[in-house]
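Letters go in sequence order (proteins before strands), and every chain restarts at 1.
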Number of protein chains: 2
Amino acid sequence: MTDSTELHQPLRRDAARNRELIVAAARDLFAESGLDVPYDDIGRRAGVGVATVYRRFPQRDDLIVTLFDQRVADLAKRGDEALEMEDAWTGLRSFVEKVMTAQAGDRGFAQVLTRSALYGRRVETCAGQLHPRLAALVERAHQAGVIRPDIGTADFEMLMTMLISMVHPNTGLWRRYAAVFFDGITTDLVPRERLPADQPTEADLRQLVLRWAH
Amino acid sequence: MTDSTELHQPLRRDAARNRELIVAAARDLFAESGLDVPYDDIGRRAGVGVATVYRRFPQRDDLIVTLFDQRVADLAKRGDEALEMEDAWTGLRSFVEKVMTAQAGDRGFAQVLTRSALYGRRVETCAGQLHPRLAALVERAHQAGVIRPDIGTADFEMLMTMLISMVHPNTGLWRRYAAVFFDGITTDLVPRERLPADQPTEADLRQLVLRWAH
DNA sequence: TGAGAAGCGGAGAAGGTAGTCCACTTTAGG
DNA sequence: CCTAAAGTGGACTACCTTCTCCGCTTCTCA
């Protein structure tokens, strides 16, 4: 449906099956290790040769867009839902929460949203679907007077990018800093939050560094 | 003086000269490209063979500690000076400013401070010199009641680590988000800051992504 | 059922980095 | 000045990743 390949040439049945195996393998590997996993690894996990992976997805974009376009679209829908909420602040907060949670569970997805420029125009376009939703939510928050006027949409993107580096499957640490930064951008109309999660320990810090190391 | 090599074996004069060439080359390359530059590149820039670089600095730590120990010590001194300031808030703020500025101008230095765990115990020890100063500054800020009680030293380390990803030689963007964070961690005793620097543009965002890409 | 097209995968070339080896050069010091 | 020790650097091995080539297999459809 989102896949133009099928329109051009109906794949032979075995080839179609292999394609699905590749997509599934890439989904797992991207989630675990990010978008830069070697094609060899993808082929091995899928049980096909490298050449087959290259034949089906000559550019890494092809694979990335195939895998993540739907997920970004889902998030965009969450953005639309957030716009339906009565409270502008809650809506914005909820959208950020959704976007961050999605990234927290999938390293590849986090890279799609924060470093799309590295993977070509098509990936940028894909990730860009979220932009208008965020812009609308920020605009509405401004009109409600709940965020300081000098903070814009791009600032939110930056702040979320920063938060990503605090994401780790075992801790909710990123929520703690999300709370700090939300406290930093509100007006006095919004009461301060209590900080979620405990202060990080030495071990937390180490884990994070190792996780984000190449 | 900080260099134990000279105590063990006085290097032959030509070897000592080469050693300095290597250190100088590594200083430049680390600053430009981070701590992971190939040894081949260091040798080439220094005008010596790779083998010479390996002979003098068999472990990358050796090179890193040689280069950065003094710089960390200097920063630690800035921390002591910050503790001398009358105002607890100004002192803490000034120290963070100093640490961030040092990292902004040198990618390698930023890695030493934020990812020391990747480069071995000796680098960790080196970077750890800053910890007690930060702890003292934070403690004093708590006593003065200028930062919220649930924020600790480790939080500052995390916040600075996040800010690093916003550092770019051409923009003062990181100061903008430093201001947001500081607004998020103060008590009401401290008045809000006006945000420095403009909102980031699309181009700023791209530049940052490309800068931090491997 | 048997071409012919479509698909397959291992091998291998190309390009990059870590780290070592050893024949050669330079220095120190008697 | 001459020699022994110290130092040198390029070539080399090992390893990893990307991407292609081509002989072989599998499917499709008449």
Side-chain angles (χ1 to χ4, degrees), chain A residues 3-26 28-30 32-64 66 107-108 111 118-120 123 213-214, chain B residues 3-26 28-30 32-64 66 107-108 111 118-120 123 213-214:
Chain A
D3 191 348
S4 60
T5 313
E6 313 218 353
L7 303 177
H8 290 311
Q9 275 288 355
L11 282 180
R12 229 169 66 175
R13 195 168 307 166
D14 54 345
R17 187 170 42 78
N18 280 341
R19 187 177 185 282
E20 288 315 306
L21 290 173
I22 291 166
V23 168
D28 291 352
L29 288 173
F30 282 175
E32 290 165 26
S33 318
L35 301 178
D36 296 321
V37 286
Y39 262 33
D40 289 282
D41 291 358
I42 298 175
R44 196 171 324 112
R45 165 100 54 139
V48 304
V50 214
T52 301
V53 186
Y54 277 102
R55 192 175 308 109
R56 219 45 74 202
F57 300 98
Q59 314 279 337
R60 206 170 270 262
D61 330 1
D62 298 327
L63 197 42
I64 294 172
T66 298
R107 280 180 77 163
Q111 287 180 293
L118 294 179
Y119 298 98
V123 178
H214 258 237
Chain B
D3 190 349
S4 61
T5 311
E6 313 219 354
L7 303 177
H8 290 312
Q9 275 287 355
L11 282 181
R12 229 170 66 176
R13 194 167 309 165
D14 56 343
R17 187 169 43 78
N18 280 341
R19 187 178 184 283
E20 289 314 306
L21 290 173
I22 291 166
V23 168
D28 291 353
L29 288 174
F30 283 175
E32 288 165 26
S33 319
L35 301 178
D36 297 320
V37 286
Y39 261 33
D40 289 281
D41 290 0
I42 298 176
R44 196 171 323 113
R45 165 100 54 137
V48 304
V50 213
T52 300
V53 186
Y54 276 103
R55 192 176 309 110
R56 219 46 74 202
F57 300 99
Q59 314 279 336
R60 206 171 270 263
D61 328 2
D62 300 326
L63 199 40
I64 294 172
T66 298
R107 280 180 78 163
Q111 286 179 294
L118 293 180
Y119 298 97
V123 177
H214 255 239

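Contacts of B:Asp14 classified as side-chain hydrogen bond (donor to acceptor under 3.5 Å, both in side chains), with partners at least two apart in sequence or in another chain: B:Arg12.
Put simply, the side chain of A:Asn18 does not reach to within 4.5 Å of the side chain of A:Arg56, judged on heavy atoms.
For the pair B:Phe57 CZ and C:dA18 C1', the interatomic distance rounds to 17 Å; values are reported in whole Å. The CZ-P distance, from B:Arg19 to D:dA6, rounds to 18 Å in whole Å. Note: CG (B:Leu35) to P (C:dA18) measures 13 Å, nearest angstrom. The distance from atom CZ of B:Arg13 to atom C1' of C:dG29 is 12 Å, rounded to the nearest whole Å. Note: CG (A:Asp62) to C1' (D:dC19) measures 15 Å, nearest angstrom. In this structure, the CG atom of B:Asp36 is 12 Å from the P atom of C:dT17, given to the nearest Å. A:Arg56 has its CZ atom 17 Å from the P atom of D:dC19, to the nearest Å. In this entry the distance linking OH of A:Tyr54 with P of D:dC19 reads 4 Å, nearest Å.
The side chain of A:Leu11 lies closest to C:dG7 when the candidates are D:dT18, D:dG9, C:dG7. Of the candidate nucleotides C:dT26, C:dC8, D:dT18, D:dT18 has the atom nearest to the side chain of A:Tyr39. Of the candidate nucleotides D:dT17, D:dG7, C:dG9, C:dG9 has the atom nearest to the side chain of A:Val48. Residue B:Arg55 places its side chain closer to D:dG9 than to any other of D:dG9, C:dA18, C:dC8. Residue A:Thr52 places its side chain closer to C:dC8 than to any other of C:dC8, C:dT20, D:dT8. Closest to the side chain of B:Pro38, from the set D:dT17, C:dA18, D:dC27, is C:dA18.
Checking the phosphate oxygens (OP1, OP2) of C:dC8, a side-chain nitrogen or oxygen of A:Asn18 falls inside 4.0 Å.
Between the side chain of A:Arg60 and the backbone N or O of A:Gly120 there is no donor-acceptor pair closer than 3.5 Å.
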- Check the pair A:Ile42 / A:Phe57 against side chain to side chain contact (heavy atoms under 4.5 Å, CB included), numbers first and verdict last. CA-CA 11 Å; A:Ile42 298 175; A:Phe57 300 98; over 6 Å; no
- Apply the test side chain to side chain contact (heavy atoms under 4.5 Å, CB included) to residues A:Thr66 and A:Arg19: give CA-CA distance (whole Å), side-chain angles for both, the deciding distance (0.1 Å), then the verdict. CA-CA 11 Å; A:Thr66 298; A:Arg19 187 177 185 282; 4.1 Å; yes
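If you check every strand for non-hydrogen atoms under 4.0 Å, B:Ala51 touches a base. Within 4.0 Å (heavy atoms only), A:Asp40 reaches at least one base atom of the nucleic acid. The residue B:Arg60 sits close only to the backbone: its heavy atoms come under 4.0 Å of sugar-phosphate atoms, none of a base.
Each of B:Arg12 and B:Pro58 was assigned the nucleotide of DNA chain C with the nearest heavy atom; the assignment lying further toward the 5' end belongs to B:Pro58. Comparing B:Asp14 and B:Val37, the nucleotide of DNA chain C nearest to each residue sits closer to the 5' end for B:Val37.
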